[in-house]
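Take a look at the structure set out below.
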Amino acid sequence: MSVTAELEGVPSILVEGAALDLVELALCAVLPIDGFSGPDEGSGLLPIALPIPGACADAVRAAMRVVLEDAEGVPVAVVAVTQTWANPSDADAGRLLAAGAISPLQPLTHGAFRRLRLSPDEVCSAAGSVPAVVLAVSDPLTAAAVSGAVALADGAPVLVLALVGSGRRPYPDEVGLVQALRASVADLPKGSLVVPVPLPRLADATADAALVDALVVAYGGTAQTIGTDRRPEAPATLDALVTSGDAFAAPVLEILRALRPPPDRRGLVLLFSGLSGSGKSTVAKGVEEALLESSGRTLTFLDGDVVRRNLSRGLGFSRADRDANVRRIGFVGAEVARHGGIAICAPIAPYASTRAAVRAMVEGAGGAFVLIHVATPLEVCEARDRKGLYALARAGKIPEFTGISDPYEVPQDADIRIDTSVQDVGSAVDVVLDELRTKGYVPTARREGS
């Protein structure tokens with residue numbers, strides 16, 4: 001019986017991020033896990049729940065099974081759902097979380113370096129013997145780390161597990177980490193291997209450390225040979241090591257310098273967030289004009305209203321749709337940054353979780369992210385009301401309007417904070433440009449007349 005016939009009528013969803021990582025780990029038997037966990041479940045399952053979109057929540061409850069599809073729509077697994085529950089803080093009020101065991105349908109076949117994703121059983125065959133040292137890392141190996149592994153291995157193979165799962169933030173990125181680690185293999189004993197493992201990071205640090213230890217043991221490591229990424233270096237620290245050139249072997253350094261160029265050549269996303277009428281678009285356009293005139297960088301401007309007419313046509317103004325709109329802006333901005341450009345984005349972006357997701361997308365693409373909170377008070381924004389939106393919201397004609405009937409979550413992680421009720425546009429633009437110059441992103445940027 002074909003997969004299609006067997007699962008006829010079973011709802012299907014796209015799976016990505018930590019959920020997709022867990023599917024791969026379970027299907028490849030990398031860890032002794034068999035599915036997603038509920039809030040009260042224990043051993044045998046990773047504490048990661050399967051998110052079910054609101055659009056198919058009722059169908060999943062009825063079927064108690066759900067097919068998981070990859071980005072190309074290929075059914076790769078099916079989950080026998082044992083438990084569902086709601087997350088009250090979720091942006092999509094109708095979305096469910098689910099737990100259950102995973103069964104394979106078709107293998108995952110795409111992704112960089114997939115041929116290197118060997119199971120523990122496959123590693124011994126590929127290495128020719130059991131590795132003497134197992135390292136689990138999300139940063140490249142320094143020359144000193146390589147020397148230490150060589151001494152510990154005493155001529156036997158070294159296995160380097162490249163942790164590339166969701167939330168790990170490998171340096172310089174997933175592909176670059178694997179490339180840099182493979183360049184280090186030439187200085188390790190014969191038979192040494194690099195194996196990428198999509199192990200997602202758990203929110204609880206203690207649980208995550210135990211998870212990494214379990215991974216190392218699964219690949220034949222012992223307590224004496226465990227190297228984990230419990231304390232990965234900050235990107236800024238690693239950038240400094242790459243700039244100095246002292247810490248890494250020459251082949252590794254060449255790869256890292258190509259993927260982590262100096263700040264003035266690195267992709268950059270500026271996210272202006274604030275209430276409607278706060279002045280964020282005006283200030284953002286002022287920054288754009290100054291950068292076009294003086295920086296020599298390639299710019300893309302992604303204003304919230306313009307994006308809605310082109311990229312997000314069809315989305316409404318529900319919380320879920322507004323969240324999707326900002327994530328689309330973030331996706332495009334991250335792609336601009338991936339190729340070394342600057343993206344200036346000016347949506348309202350009211351939700352902290354969405355802004356964090358955009359930051360992660362940008363940094364995952366190798367770009368820098370600067371969050372500018374345009375903190376103009378609500379009463380000033382409402383008094384301006386250029387589009388008459390606040391009046392409509394007060395009259396109940398616009399539901400879920402940010403600042404009136406839906407919250408604006410004030411950024412606690414803003415890099416810059418400006419208030420156009422006490423700063424004119426020129427001064428606000430100068431504040432942003434000063435920060436960008438200080439961080440080296442656009443050393444020559446100047447506003448004419450400032």
Side-chain angles (χ1 to χ4, degrees), residues 7 10-70 75-108 117 119-120 136 138 161 163-169 196-219 228-230 353 356-357 360:
L7 298 172
V10 177
S12 61
I13 62 170
L14 167 69
V15 64
E16 53 191 349
L20 181 60
D21 291 341
L22 183 56
V23 169
E24 182 165 351
L25 291 174
L27 300 187
C28 297
V30 171
L31 288 173
I33 55 176
D34 60 10
F36 298 92
S37 71
D40 302 319
E41 294 188 66
S43 60
L45 301 164
L46 270 184
I48 296 173
L50 176 66
I52 307 292
C56 60
D58 289 342
V60 171
R61 282 196 195 97
M64 293 305 284
R65 287 200 299 168
V66 60
V67 173
L68 309 183
E69 296 181 347
D70 66 13
V76 295
V78 61
V79 174
V81 177
T82 57
Q83 183 182 5
T84 64
W85 66 101
N87 182 352
S89 64
D90 202 300
D92 179 353
R95 187 162 74 165
L96 290 176
L97 297 175
I102 302 169
S103 299
L105 295 176
Q106 298 184 67
L108 294 161
R117 295 192 177 190
S119 70
S138 57
L161 302 176
L163 303 184
V164 296
S166 178
R168 292 280 166 196
R169 294 180 61 189
V197 182
L199 191 75
R201 182 181 289 281
L202 303 184
D204 180 86
T206 301
D208 189 69
L211 178 64
V212 176
D213 285 354
L215 176 72
V216 172
V217 170
Y219 275 95
T228 79
D229 83 329
R230 288 192 188 97
S353 61

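Worth knowing before you read on, the calculation uses all heavy atoms, side chains too, and leaves out hydrogens, waters and symmetry mates.
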Check: Would you say the side chain of Val79 lies within less than 4.5 Å of the side chain of Ile102, judging by non-hydrogen atoms?
Finding: yes
Notebook entry, point to check: side chain to side chain contact (heavy atoms under 4.5 Å, CB included) with Leu199: which of Leu31, Asp208, Asp21?
Noted result: Leu31
Check: What distance separates Glu69 CD from Glu16 CD, expressed to the nearest 0.5 Å?
Finding: 12.5 Å
Notebook entry, point to check: Going by heavy atoms in the side chains, are Arg169 and Ser138 under 4.5 Å from each other?
Noted result: no
Check: Are the side chain of Ser37 and the backbone N or O of Leu46 linked by a donor-acceptor pair below 3.5 Å?
Finding: yes
Next item on the list: Please step through side chain to side chain contact (heavy atoms under 4.5 Å, CB included) for the pair Arg61 and Ile52, ending with a clear verdict.
Entry: CA-CA 10 Å; Arg61 282 196 195 97; Ile52 307 292; over 6 Å; no
Next item on the list: Heavy atoms only: give me the nearest Pro53-Pro51 pair and the separation to one decimal.
Entry: CD-O, 3.8 Å
Notebook entry, point to check: Do Phe36 and Val81 touch side chain to side chain, with heavy atoms closer than 4.5 Å?
Noted result: no
Check: Which atom names give the shortest non-hydrogen contact between Ser166 and Gly17, and what distance separates them?
Finding: CB-C, 3.7 Å
Next item on the list: Write down the atom of Val212, the atom of Ala136, and the distance for their closest heavy-atom approach.
Entry: CG1-CB, 3.9 Å
Notebook entry, point to check: Any side-chain heavy atom of Leu25 sitting closer than 4.5 Å to one from Pro198?
Noted result: yes
Notebook entry, point to check: Out of curiosity, Leu50 CG to Thr84 OG1, how far, rounded to the nearest 0.5 Å?
Noted result: 11.0 Å
Checklist line | Euclidean distance, Gln83 CD relative to Leu97 CG, rounded to 0.5 Å | finding: 10.0 Å
Check: In Å, rounded to the nearest 0.5 Å, how long is the span from OG1 of Thr206 to CG of Leu211?
Finding: 12.5 Å
Note to self: Assess the residue pair Leu68 and Leu20 against the criterion (side chain to side chain contact (heavy atoms under 4.5 Å, CB included)); give the C-alpha distance rounded to whole Å, side-chain angles, the decisive distance to 0.1 Å, and a yes or no.
What the structure shows: CA-CA 9 Å; Leu68 309 183; Leu20 181 60; over 6 Å; no
Notebook entry, point to check: Yes or no on side chain to side chain contact (heavy atoms under 4.5 Å, CB included) for Val197 and Arg168, after CA distance, side-chain angles and deciding distance?
Noted result: CA-CA 11 Å; Val197 182; Arg168 292 280 166 196; over 6 Å; no
Check: Looking at CG of Asp70 and CD of Gln106, how far apart are the two atoms once the value is rounded to the nearest 0.5 Å?
Finding: 8.5 Å
Notebook entry, point to check: So, for Leu27 and Ala77, which heavy atoms are closest and what is the spacing to 0.1 Å?
Noted result: CD1-CB, 4.2 Å
Check: Yes or no on side chain to side chain contact (heavy atoms under 4.5 Å, CB included) for Val66 and Val78, after CA distance, side-chain angles and deciding distance?
Finding: CA-CA 6 Å; Val66 60; Val78 61; over 6 Å; no
